[in-house]
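Not measured: the values here are computed from a predicted model. Computed from heavy atoms alone, side chains included, the values below leave out hydrogens, waters and symmetry copies.
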Amino acid sequence: MCIRDRSKIMEGSFKETRENHSLFFLMSGISSLAAWNGVLTALDFFQGKFAQQNVFFLYPIPVNMANILVNILLFLYSSKLSLNLRIIGGLILSGLILALLPFCVYIEDKDLGFVVSLGVLFLLGLFSSLYQISMTGFATKFEIRYITIFFVGTGFSGLMMSVLRILCLAIFGTSQESLLYSTILYFIAAGLMNGVTLILYSRFKKSEAYFSFIAPSESALTASTQGTIQTERESLLEAEKAKEKSSTVELAATLSVTKQIFIYLSFMILLYVQTFMLFPGVSLARKVSFLDGNWSPVIMITIYNIFDTVGKNFSEKRDWYSPTRVFVVILSRFVFYWLFISVARATAGEVFDSDYILIGTMILFAMTNGFGTSALMVLAPERATQELREKVGFVMVFGLLLGICSGSFLALPLAKVIHQ
């Protein structure tokens, strides 16, 4: 579509306001994790159906593997798939695949059903990460306000599912049949979030902000079509050469970006190693004394989601922080190892046998995670040119995913420490 047609497209488009754009980026952040948060919220249902398997540990593995695979492929081939295809396809297919997951529990052979569910989760990871990573790269092209709002949306995604879980526990209870009803509601909610985001994206595509993002590529396309007319044979030869070089060019651009933002990438990996070594396992090992067994983890996860979202919102205040301050905040999070382990191992009457310390530690832990994530995602693109900022988003998400995977596996030894 040519730039000269832009005025026609803008006719009837929604009124351009910061609020409209903010809503789009907020919903985009919510949808980027909606499907996976729906699965996380329903893990107790799947654990009840696959009682012989460790669902809480095994279910994240195929999703994380798919996330890393998609990230690597986007490093090399993002230019071969249009942004529209990645965003629209990712949203639609992740919603459809999510709807298949509950049917796995009704396969008569439970071992086979569990294996099938892992396969479904791998597919879910492929398409949800295709959307999430592409949208993250897209968001980094815009001003700090919209980057922050996008990541606040990722926090809201978990928070909304936590609130829905609390309501379902209060209304339906904890029987297997009740958990099935709850799981269906979680997945419907995730599908609705994806649907709303699709509508907002179709409207955002008509905005001047969107055209300012795609203008360079459109200009290049217009110039090429209006340039010297080549013969069909020459065009085919050039296309073949371009195809051979494209992967090399993409890889070179990725390596160049990685070198420029290596310090931010390193701290993103460290941040998520810290978080997933302690959350949810060690941080939820001790129950809140005035809550029963089912309610304690739900309330603590909700507290985490609330303050993670609050922390992400701070990154919009760019004059509040520098790279050094962000690094100090992340390094200071090592104190949470001592705090959470001390609380988990405390016996009655000891200083750390305290709900106040447990809840206060969780609040600070979540806020620093949220702030660190958003601040790093704001700082890293500042080191790159506008044309390379999408690559920056891909690289930083790769660091986040690598931190999650590493932290999840490194958390296993801590389980023994807190029970010694």
Within the side chain of [X], is there an N or O that forms a donor-acceptor pair under 3.5 Å with the backbone of [Y]?
X      : Y      : result
Thr275 : Tyr272 : no
Ser296 : Lys287 : no
Ser175 : Ser178 : yes
Asp353 : Ala346 : no
Arg145 : Ser22  : no
Asn305 : Ile301 : yes
Thr309 : Gly155 : yes
Ser129 : Leu126 : yes
Asp355 : Ser289 : yes
Thr140 : Arg389 : yes

Exercise: identify the closest heavy-atom pair between [X] and [Y]:
X      : Y      : value
Ala384 : Gln260 : CA-OE1, 3.8 Å
Leu265 : Gly399 : CD1-CA, 3.5 Å
Ser315 : Phe371 : N-CD1, 4.4 Å
Cys104 : Phe50  : O-CZ, 3.9 Å
Val298 : Thr302 : O-OG1, 2.8 Å
Ala34  : Met193 : CB-SD, 3.7 Å

From [X] atom [atom1] to [Y] atom [atom2], the distance as rounded to the nearest 0.5 Å:
X      : Y      : atom1 : atom2 : result
Asn64  : Leu402 : CG    : CG    : 10.5 Å
Leu98  : Ser128 : CG    : OG    : 9.0 Å
Ser283 : Met277 : OG    : CE    : 12.5 Å
Met367 : Asn313 : CE    : CG    : 10.0 Å
Thr373 : Asn369 : OG1   : CG    : 4.5 Å
Phe267 : Tyr264 : CZ    : OH    : 10.5 Å

More than 12 non-hydrogen atoms from neighbouring residues, nucleotides or ligands closer than 6.0 Å to [atom1] on [X], yes or no?
X      : atom1 : answer
Tyr356 : OH    : no
Tyr181 : OH    : no
Phe409 : CZ    : no

Could you tell me if [Y] and [X] have a donor-acceptor pair between their side chains, going purely by distance under 3.5 Å?
X      : Y      : answer
Lys312 : Thr154 : yes
Tyr131 : Asn194 : no
Asn37  : Tyr186 : no

Are Leu40 and Met161 close enough, and set up right, to give a side chain to side chain contact (heavy atoms under 4.5 Å, CB included), and what steps lead you there?
CA-CA 9 Å; Leu40 284 177; Met161 284 297 178; over 6 Å; no

Less than 4.5 Å apart, side chain to side chain, heavy atoms only: is that true for [X] and [Y]?
X      : Y      : answer
Thr136 : Ser32  : no
Leu271 : Leu400 : no
Thr368 : Phe336 : yes
Ile72  : Phe398 : yes
Leu74  : Ser134 : yes
Lys80  : Tyr77  : yes
Val152 : Phe156 : yes
Leu358 : Leu339 : no

Pairing residues for Arg318 by the salt bridge (Lys or Arg N to Asp or Glu O under 4.0 Å) criterion, not counting sequence neighbours:
Glu382

Would you please indicate if the ring centroids of [X] and [Y] are separated by under 6.0 Å?
X      : Y      : value
Phe25  : Phe150 : no
Trp338 : Phe352 : yes
Phe365 : Phe307 : no
Tyr201 : Phe204 : no

Restricting to side-chain contact (heavy atoms from CB on, under 4.5 Å), what partner residues turn up for Asn54, sequence neighbours left out?
Gln47, Phe56, Phe57

Salt bridge (charged side-chain N to carboxylate O under 4.0 Å, His left out) contacts in which one or both residues fall within residues 158-171, not counting sequence neighbours:
Asp44-Arg165

Which pairs, with at least one residue in residues 84-93 and sequence neighbours excluded, count as a salt bridge (charged side-chain N to carboxylate O under 4.0 Å, His left out)?
Arg86-Glu390

Taking the six-membered ring for Trp, are Phe138 and Phe142 parallel (under 30°), tilted (30 to 60°) or perpendicular (over 60°)?
perpendicular

Could you pull out all residues at least two apart from Ser182 that satisfy side-chain hydrogen bond (donor to acceptor under 3.5 Å, both in side chains)?
none

Who are the side-chain hydrogen bond (donor to acceptor under 3.5 Å, both in side chains) partners of Gln274, not counting sequence neighbours?
Arg333

Applying side chain to side chain contact (heavy atoms under 4.5 Å, CB included) to Met135 and Ile133, what does each step give before you reach the verdict?
CA-CA 5 Å; Met135 192 61 218; Ile133 297 168; over 6 Å; no

Please lay out, stage by stage, how Leu270 and Phe334 fare under the test side chain to side chain contact (heavy atoms under 4.5 Å, CB included).
CA-CA 10 Å; Leu270 175 60; Phe334 280 108; 3.6 Å; yes

Output, in order, the C-alpha distance, side-chain angles, deciding distance and verdict of side chain to side chain contact (heavy atoms under 4.5 Å, CB included) for Ser94 and Trp36.
CA-CA 9 Å; Ser94 63; Trp36 177 233; over 6 Å; no

